[in-house]
Amino acid sequence: MPARKILVTAALPYANGPIHIGHLVEYIQTDIWVRFQRLRGERCIYICADDTHGTAITIRARKECRSEEELIAQVKAEHERDFAGFRISFDNYGSTNSSENRELCGEIWDAICRAGLVKTENVDQLYDTVANTFLADRFVRGTCPHCRAANQPGDNCSACGATYSPTELIDPVSTLSDSKPEIRSAPHLFIELNQLRDFLVEYTQQGDHLQKEIANYLRGHFLGDADSPEGLKELKSWDVSRPAPYFGFEIPGHLGHYWYVWFDAPIGYIASTKQWCDRHGERLEDWWKSDDVEIHHFLGKDITYFHTLFWPGMLKTAGFSLPRKIHIHGFLTVNGAKMSKSTGTFVKAETYLKYLDPSALRYFYASKLTPRVDDLDLSVDEFVNKFNADIVGKVVNLASRTAKFVEQVGLSKTYPEDGGLFARAAAVGHEIADAYQECDFARATRLICEIADQVNPFVDTEQPWVLRKDPSQAQRLQDVCTIALNLFRQLAIYLAPILPDLAERAGQLLHDPIVSWDQSQTPLLGTPVAKFEHMLKRIEVKDFEKMIEETAKETAKEIATTPAAGEGTVAASLPQDSDEALRNEPLAAECTIEDFAKVDLRVARIVRAEHVPEAKKLLKLTVSLGGEHTRTVFAGIKAAYEPESLVGRLVIIVANLKPRAMKFGLSEGMVCAAGGGGTEVYLLSPDSGAVPGQRVH
RNA sequence: GGGCCGGUAGCUCAGUCGGUUAGAGCAGGGGACUCAUAAUCCCUUGGUCGCGGGUUCGAAUCCUGCCCGGCCUACCA
């Protein structure tokens, strides 16, 4: 059977910030799939690039007093370094700011124009006359036109939930220059997506180009359903141009107008392929306009919309091949919570590599990834434990405990009787391959571990360390080790897409490089065995903790200088905080600094905490303001805190609150906490360094 | 409010086109071994399969109602 031709892309990371462990879910997932295809003998190329255009890049470059080109060149170098550190095996890593991309954008644009999909409309937008730029929604703040809440973002109000256009804001202020922007009208170019409606319905709803939940989502939210009460929906036209100044490509024939970053970003997939083709003497048409090629996109759920509607529409119109499959994954959470800068879980790739082995993260992600769109949680204990137990303890241990017994003699010449061990594991290979093929890496790792779980007992039963002491058992010793090492090699092959480093070392140990999946089906015989050296080290919780600590420090420093998040094309950049809390409890009426000064907030230490037998919600706290100054405070936090966990910690109390006689005694203050009540109570604490008695200003 | 996914041992999950006493890994307990990276092996504790109702000879598995969690949406793209 001739090899399949497969072109794989991962979403383009935005050139506005470093790669972090959230990004890596995607690049690792994709890399595993790509390496699997290559191991199977398919022709598979892995294409990516930096996404470099848009306002956010300009703003950061200005802030750092350098050109956009200089900024994106530096970020690209960093991205490539980080990806290499995690063994991401791109065949080409390009940039959307390339001549190839400009040319392809032009080609696709022409086709879209010829198809009669483009129209022009005037759009009112806020313009910052100081910074000399139009303002994207997130660079404007002002008063909500509906509820009059102050300091709201440009597109929707966090207090009342209303949505509006930035031009409706009362007293808008540019966050770039703090000046008052003016409304300017400019023509924008729109693509009438609705003309492609029939095609998009067919593409997204027929066949298996999309995961089922994604197809449902598109039907429910954009395409509509003839059978549903709401009926069919009309697709909105897409605003694809931005007036100058804008960092991007100027649209031919429209002086002063640029393609919106999301127009040229996916075309970057093709442009990056073009670079690869030029380097390898291939024709781009053979990869992007050929029915022989399977195109697979991997991306995060946040950019579903662009890749499943606009992008197929663009490709279709311009006569390019459509993606065979769009694989969409969820986000990363750490210890059950969204990644956060303040708690140090927003770990950069670079920081991770200082403390931990990339193999561990590759394996952990693999063990959690399924074909579904679910989020993936990285819990420290599970992460450390899984890698150590499965990979170091079970798989690598097989080589570690047998290789040295055959260092002198090598592997047996014929494969010994092993009770069917090798043959059974070879048969499972088909199932493992299916799992990889379907992106069910969790299933693949489970199957692999099941094999490993059978081999260590075999070694224990055969006791090579006993055989070694009896010269007459030399042949049996060599046979036992030959079996164990062959099973080890088989596992290393099955794991090779996930753990390329391990596969490489396994190849070196047995003097037979791992290059093909088929090698797992035949035992290796008669080769010398190299001196065994550690292939992977166990990882330690304390290293993980150090990494978190460093991340927390880094981000504390950065916060002052970090520009706002960009129009990124990657998953999981900043945590997307819901505005639910604000909606549940809208902001209070404005107060003056004098009003605030009436409230005396103090740092206090809880010195005693006890249950009040008859109280349903209250705990009785004794807090110290330093010296002999203690207070008794009844706090409604019983459902959320155990008294023992409170003793010793610092809290913030309202120290001048009029004492209140309660059923159980006098309460001489109030402990500050956030949350909606019940079990949702979060006590406030000062940063370390604060001492009891200090006032909060 | 709507949509999607999920709720199975302390934890992470498998099992679900209905069929014998519900499984694995990790963690816990006991023992063994000493070749191995405090690794490995054996034995073992542990579950009313979210809750209620229905279909059936038989339901973790099908239907239905409810509860809980996550994500996405809320007339934006």
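Protein chains get the first letters and strands the later ones, always in sequence-line order, with residue 1 at the start of each.
- At the heavy-atom level, A/Val396 lies under 4.0 Å from base atoms of the strands shown.
- Spacing between B/G25 and B/A9 at atom C1', rounded to whole Å, works out to 12 Å.
- Close to B/C35, at under 4.0 Å from its OP1 or OP2, lies a side-chain N or O of A/Arg468.
- At the heavy-atom level, A/Leu536 lies under 4.0 Å from base atoms of the strands shown.
- Separation of the C1' atoms belonging to B/C49 and B/C13 is 13 Å when rounded to the nearest angstrom.
- The A/Arg446 side chain lies nearest to B/C13 when the options are B/A36, B/C13, B/A77.
- Within 4.0 Å of A/Asp239, counting heavy atoms only, lies no atom of the nucleic acid at all.
- Ring orientation note: the planes of A/Phe263 and A/Trp259 are close to parallel, at an angle under 30° on the 30°/60° scale.
- Residues A/Asp543 and A/Val384 fail the side-chain proximity criterion, which asks for heavy atoms closer than 4.5 Å.
- Atom-to-atom, CD1 of A/Ile448 to P of B/G25 comes out at 17 Å; the value is rounded to the nearest Å.
- Across all strands shown, B/G25 is found opposite B/C11 as a Watson-Crick or G-U wobble partner, with both distances under 3.5 Å.
- As rounded to whole Å, 13 Å separates atom C1' of B/C35 from atom CD of A/Glu407.
- A/Phe532 comes within 4.0 angstrom of no nucleic acid atom, judged by non-hydrogen atoms across all strands.
- Rounded to a whole angstrom, the distance from the C1' atom of B/C11 to that of B/G46 is 13 Å.
- The side chain of A/Asp390 sits closest to B/G25 out of B/G25, B/A39, B/C35.
- Residue-level contact check: A/Lys394 touches the backbone only, with heavy atoms under 4.0 Å from sugar-phosphate atoms and none from bases.
- With distances taken from any side-chain atom of A/Lys404 to the nucleotides B/U12, B/C35, B/C26, the minimum falls on B/C35.
- Remark: A/Arg242 is positioned above the aromatic ring of A/Tyr260, its terminal NZ or CZ atom under 6.0 angstrom from the ring centre and at most 45 degrees off the axis.
- Nucleotides B/U8 and B/A60 place their C1' atoms 7 Å apart, quoted to the nearest Å.
- Among the atoms of the strands shown, base atoms are found under 4.0 Å from some heavy atom of A/Asn397.
- On the P atoms, B/U48 is 41 Å away from B/U34, given to the nearest whole Å.
- For B/C71, the OP1/OP2 oxygens have a side-chain nitrogen or oxygen of A/Lys338 closer than 4.0 Å.
- Listed pair A/Lys537 / B/U37 fails the phosphate criterion, with no side-chain N or O lying under 4.0 Å from OP1 or OP2.
- Under the Watson-Crick and G-U wobble criteria, each requiring two contacts below 3.5 Å, nucleotide B/G69 is paired to B/C5.
- Stacking here means ring centres nearer than 5.5 Å and ring planes tilted less than 30 degrees, and by that measure A/Tyr217 does not stack onto B/G3.
- Which of B/C5, B/A77, B/U12 sits closest to the side chain of A/Phe310 comes down to B/A77.
- Place A/Glu213 and A/Lys368 on RNA chain B by their nearest nucleotides, and A/Glu213 ends up nearer the 5' end.
- Lacking a ring centre under 5.5 Å from that of the base six-membered ring together with a plane angle below 30°, A/His221 does not count as stacked on B/U73.
- Under the Watson-Crick or G-U wobble criterion, with both distances below 3.5 Å, B/C35 has no partner in any strand shown.
- Among the heavy atoms of the strands, none lies under 4.0 Å from A/Pro464.
- Side-chain contact between A/Arg219 and A/Thr204 is absent, with no heavy atoms from C-beta onward closer than 4.5 Å.
- B/G69 and B/C26: their C1' atoms are spaced 23 Å apart (whole Å).
- The side chain of A/Val392 lies closest to B/U37, out of B/C42, B/U12, B/U37.
- Neither side chain, A/Gln490 nor A/Asn486, offers a donor N or O lying under 3.5 Å from an acceptor on the other.
- A/Tyr494 places a side-chain heavy atom less than 4.5 Å from the side chain of A/Ile451.
- Going from atom CZ of A/Phe222 over to atom C1' of B/U73 covers 9 Å, rounded to whole Å.
- Proximity note for A/Ser400 (side chain, C-beta onward) versus B/U40, B/U37, B/G25: the nearest is B/U37.
- Taking the six-membered ring where the residue is Trp, A/Tyr436 and A/Phe441 present tilted rings, their angle falling between 30° and 60°.
- Using a 4.0 Å heavy-atom criterion, one finds that A/Arg443 contacts no nucleic acid atom at all.
- A salt bridge links A/Lys301 to A/Asp375: at least one charged side-chain nitrogen sits closer than 4.0 Å to a carboxylate oxygen.
- Comparing B/U37, B/C33, B/C71 by their nearest atom to the side chain of A/His534 picks out B/U37.
- Base pairing of B/C57: its partner is B/G19, meeting the Watson-Crick or G-U wobble criterion (both donor-acceptor distances under 3.5 Å).
- Listed nucleotides B/U37, B/A77, B/A36 differ in distance to A/Arg401; the shortest reach to its side chain belongs to B/A36.
- The residue among A/Asn216 and A/Val373 whose nearest nucleotide of RNA chain B lies closer to the 5′ end is A/Asn216.
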